[in-house]
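Data first, discussion second: the structure below is written as structure tokens.
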Amino acid sequence: MGDPDLTPAAYDFVAARRRLEAKAKSAAEKLTSIEDAAARVHDGDVIAVGGCLFSRTPMALVREVLRQRRRGLTLARNLMCTEGEFMMVAGAVERVVTAWMSIGLPWGVSKIMREYVEGGKVAFEEWSHLALGLRFRAAAMGVPFLPALTMLGSDLVPVGGMKTIDDPYTGTRLAAVPALFPDVALLHVHRADRLGNCQIDGYPHMDVDIARGAATVLVTTEEIITEEETRRRPDRTVLPGFVVDALVHVPFGSYPHECYGLYEADFDHFEEYTGAINARGAQAVADYLGRYVYAPPTYADYLDLFGGERLARQQRQAKELVPGS
Amino acid sequence: MGDPDLTPAAYDFVAARRRLEAKAKSAAEKLTSIEDAAARVHDGDVIAVGGCLFSRTPMALVREVLRQRRRGLTLARNLMCTEGEFMMVAGAVERVVTAWMSIGLPWGVSKIMREYVEGGKVAFEEWSHLALGLRFRAAAMGVPFLPALTMLGSDLVPVGGMKTIDDPYTGTRLAAVPALFPDVALLHVHRADRLGNCQIDGYPHMDVDIARGAATVLVTTEEIITEEETRRRPDRTVLPGFVVDALVHVPFGSYPHECYGLYEADFDHFEEYTGAINARGAQAVADYLGRYVYAPPTYADYLDLFGGERLARQQRQAKELVPGS
Amino acid sequence: MSAAATAAELLAVMGSRQLTDDTTVFAGVGVPLLAAALAQQRHAPRLTIVVEGGIIGPQIKPGRLPISTNEMRAGHRALMLPGITDVFLFAQRGFLDYGFVGGAQIDEHGNINTTALGSDYWRPQVRLPGTGGANDITSLCREVIILTAHEKRRFVKRVDFITSPGWIDGDGSRRRAGLLFGGVSRVVTTLGIFGFDPESRRMRIEALHPGVALPTVRDNTGFELLEADKIAVTEPPTAGELTILRALDPERRFLG
Amino acid sequence: MSAAATAAELLAVMGSRQLTDDTTVFAGVGVPLLAAALAQQRHAPRLTIVVEGGIIGPQIKPGRLPISTNEMRAGHRALMLPGITDVFLFAQRGFLDYGFVGGAQIDEHGNINTTALGSDYWRPQVRLPGTGGANDITSLCREVIILTAHEKRRFVKRVDFITSPGWIDGDGSRRRAGLLFGGVSRVVTTLGIFGFDPESRRMRIEALHPGVALPTVRDNTGFELLEADKIAVTEPPTAGELTILRALDPERRFLG
């Protein structure tokens, strides 16, 4: 049942470090266009997508990667949602590395995921949620593995080729969760300055580890702040500018997924989307991609498809749930 | 040169977990007196002290542990300052586990440390700064070790008995930095609610890992906030209440050390203190303990020795350096 | 309000009673979160709820129940938002007492399958969503409680795939696999409450819900159940319990 | 302003010139921090300074120079405050290009002792403060620069204790010990600039400061120094460099 193809690149910490050493870690301006940012994703790359399920998904970046017709990607994300379905139906992805994939409880098991995985068109490499988190964390720490007490004794062990290790102090056998060094990290954050210093509100998900482990880091942000504002609250910064390669200013950059405190996920939209899939299967997703991804030339055009009233409603709902700040 | 006595308790993650399992992890009121909090430190304990050097040292707790005349302690702290000298001269400590000890650059090498370590009265178990940080982090993660690329090839390796491990994926040899599970963690934070949910401003040092790794956690706080206030900014909380065993409200709880944004370290006081040591050696510290630790019955009496004007000056200096928030 | 409990209400009530005060519980969305919130409001005021999305101590807004573990509804009025990996590390360290899980297949040793039906992992007959955090919860919490509808297709002799290990093959096999802590202590279903024989770690009937007959349980279970020395009958949900539950989910999104 | 450079000023200037733009530098307090700040203001505006106390991108307030790596003066106007362990993990991952270190003893292979003088670790003749982060910096940064006064008692053939490994015994011993990255590239002293022979990794003279004669260097070094093919003479500190430096430390706390 095991998969002998656990990509060496994924845990080769020496190669991963050499890539970073060869790269400028600069306090330079990082602001660019979404097209330029997404162009740093190449066919065959292992891309890690930040956020979690329908929270803080870097939707503008995902959309642009699809528009640029990338192929043969490995998509690593702890819990996958619509972005995974898009990539499957668009033919962008060969393998997903995840702990769970579907849209959300009310909509049942993802029919798209079932079709593509059961049909052997996409490989589903499953890790436990913590194990995947530790894969990103090991990469962020620059080590090839982290010891853990999870996944042992389960049939998940051979799926991704996880090995065990004996603790040199007590002799206890532990899981040795291998690092996952992505080629590219795609993230969406609340605010960043032009040097790429990023701040996130609310739950941080796994974004920080993903970014620190990746060779290239692309970030979209709801808001651009001045360097002065970053310096006013340095304890809010979660990524330093020298980690970030490209930064794009994209308000509503996760929509129709949520962004903590700013807008709630658009459940009505999910309802419509899953309804169409129930009626027409993968074709409904292909149609959706045509309408939402390929047709609108800019992200503003994309947001227009939802309409300002809808966006404002989702903002109000967020304020009801997170009144603070 | 090696020390065969690396305490098994320090890295026995199974025993450390059993201690936590046996303990109530409660959302109960944690507020108590400094005497009651410090009484949870027992002779022979391994205590880990939060903050770093002269920043956010839990001085009120250190003072109370000394007042209760504890003996045979092992004191673990990444960079040690006056609190380490106090514990040496008071006869409270048998071993220090640290990366560095002195007061600060302008005052040269600690004469007290030299006297006690060169004389064999206190063992100085040295780890690199990162290694000590990883010892606390391994404990926080509940694992017996963490792999790393530091300390290898140095003469520090045998001092604390660090072992190496071969990465099961690439075969590379790595440092296996052993966990350090303290019996008690002593911390000082900016604010906490009565349930023990803690928030820290500025640099977090290693406090969070220390607390999560310890069997018992004692916290002093500059400010008590309502649970409602915690819920307003949950992304500022760094320790949840169920980790904390005892909480004490102690404004200026680090003084004469600094508390980020609130008061600067009292360098004039350090100057006086080291001047007395230069003149009279360990006796100067014994006199200091008499005056600042044993004589003043309460922490308020202790602060009175500095005087309100001095405290206000240190507050002003902090505001000049950290104008924000 | 005095209407008979639905299946979901029954599960939530029976689940909530498993939780003691001054503890922590790792709860997924839906019935587990309702069970935890009910316990907190009724008999365990000092219980802390922990949610997989990196959320500690949330207070659910009635009528705005979350549908995922990582969204603002799940994080409503939380005390702390530490990130997902760190929430699981709290469990690994030993800070999380209880964990609730469910599953598409559950076997006689309490193993759970939420990965795939069929024998070939890479070409499954039915691909399921995957473990999410269930594997970690069953590996790392001090005590795991399975909360599930009781159906024959779900209660199988051996799961097709062990996503989340219960007692594995029984007889110490869990500890030998390196899972040094925890284990499944209870299976709370719509028919009764089940435990495990301390030696063989095979599932056994410990209590039946009022009105449920033993043959009904056996007919709805795909393997042979052991019996505790004495099989108790659970107390039915009280009006007080149902009132609290129904106030939490007025839209009956999860209560059925 | 036109006064000749002090020893500390010379070190700070020569240290700053080692730093290139679009990089990161791990700098301790005192001369290293002044060197980094000077580089940033003069030729490396996109340099990021990282300080051990968990501080990224601080801007030093002239006249309020920090005396430790973890205090508000060191954190002044920082861009990020990630915690100490995480700062070192940035280095371990490969994000930190340069690291400045000093030491009580430095040997011909660039090994550093800041732990103890004498042969018995547990009963030292002179106990020193310890590694702090120096061991980690020398283990983990891409390139390490030793910045130090040049004194015979400091430049010893073999350190009593390797606190922070340079090239250990030379000839590949650093890599064999498991230190897969980095190494000491330069030793900048009050007399000149030194490097290491690429094979033997023994220290060699690469440049002398203006007015320093070769015999002076040899007299002040406790081991035999190799020589580069061509020994250069450094450019003396410019008025521009000294102006910037002196503005940073008007109290001359570290500039002597």
Side-chain angles (χ1 to χ4, degrees), chain A residues 6-17 130 133-134 137-138 141-150 161-180 190 199-204 228-236 238 260-261 322-325, chain B residues 6-17 130 133-134 137-138 141-150 161-180 190 199-204 228-236 238 260-261 322-325:
Chain A
L6 179 64
T7 336
Y11 56 77
D12 187 345
F13 73 111
V14 177
R17 164 142 178 161
L130 172 58
L134 291 176
R137 184 154 293 178
M141 293 170 72
V143 291
F145 76 94
L146 282 174
L149 287 154
T150 200
M162 188 181 80
K163 299 180 194 267
T164 60
I165 195 161
D166 291 338
D167 167 33
Y169 298 96
T170 64
T172 314
R173 193 200 313 169
L174 300 160
V177 183
L180 198 172
H190 287 78
Q199 302 189 340
I200 288 174
D201 291 344
Y203 21 62
E228 200 54 39
E229 285 171 284
T230 304
R231 294 189 189 280
R232 210 170 294 142
R233 295 306 305 272
D235 54 9
R236 295 297 306 162
V238 296
Y260 182 91
V322 182
S325 52
Chain B
L6 180 64
T7 335
Y11 56 78
D12 186 345
F13 72 110
V14 177
R17 165 143 178 159
L130 171 58
L134 292 174
R137 183 154 294 176
M141 294 170 72
V143 290
F145 76 95
L146 282 174
L149 287 154
T150 200
M162 187 180 80
K163 298 178 194 272
T164 61
I165 196 162
D166 291 338
D167 167 33
Y169 297 96
T170 64
T172 314
R173 192 200 312 169
L174 301 159
V177 183
L180 197 172
H190 287 77
Q199 302 189 341
I200 288 174
D201 291 345
Y203 21 62
E228 201 53 39
E229 286 171 283
T230 304
R231 293 189 189 282
R232 211 170 294 145
R233 294 307 306 272
D235 54 10
R236 295 298 306 163
V238 296
Y260 182 90
V322 183
S325 52

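Numbers restart at 1 for each chain; the letters A, B, ... are given by sequence-line order, proteins then strands. Note that the structure is predicted; figures quoted are calculated from it, not measured.
- With sequence neighbours left out, the salt bridge (charged side-chain N to carboxylate O under 4.0 Å, His left out) criterion links Arg173(A) to no other residue.
- Expressed to the nearest 0.5 Å, how far NE2 of His190(B) lies from CG of Asp235(A) amounts to 8.5 Å.
- Of the listed residues (Arg231(A), Met141(A), Arg236(A)), the greatest number of heavy-atom pairs within a distance under 4.5 Å of chain B belongs to Arg236(A).
- Between atom CG of residue Leu174(A) and atom CZ of residue Phe13(B) there is a gap of 5.0 Å, rounded to the nearest 0.5 Å.
- For the residue pair Gly142(A) and Leu149(B), the shortest heavy atom distance occurs at O-CD1, 3.8 Å.
- Atoms CG and CG, from Asp12(B) and Asp167(A) in turn, are 9.5 Å apart once rounded to the nearest 0.5 Å.
- For a residue to count as touching a neighbouring chain, one of its non-hydrogen atoms must lie under 4.5 Å from one of that chain's; by this rule Pro168(B) touches chain A with backbone and side chain alike.
- Only the side chain of Tyr260(B) comes within less than 4.5 Å of a heavy atom of chain A; its backbone N, CA, C and O stay farther away.
- Taking every heavy atom of both residues into account, Ile165(B) and Asp166(A) meet most closely at CD1-O, 3.9 Å.
- Thr172(B) touches chain A through its side chain: at least one heavy atom from C-beta onward sits under 4.5 Å away, while N, CA, C and O do not.
- The main-chain N or O of Ala176(A) is found under 3.5 Å from a side-chain atom of Tyr169(B) such that the two form a donor-acceptor pair.
- Only the backbone of Ala148(B) comes within less than 4.5 Å of a heavy atom of chain A; no side-chain atom from C-beta onward does.
- Under the 4.5 Å side-chain criterion, counting only non-hydrogen atoms from C-beta, Val14(A) is not in contact with Thr170(B).
- With a threshold of 4.5 angstrom between heavy atoms, Pro234(A) approaches chain B through side-chain atoms but not through N, CA, C or O.
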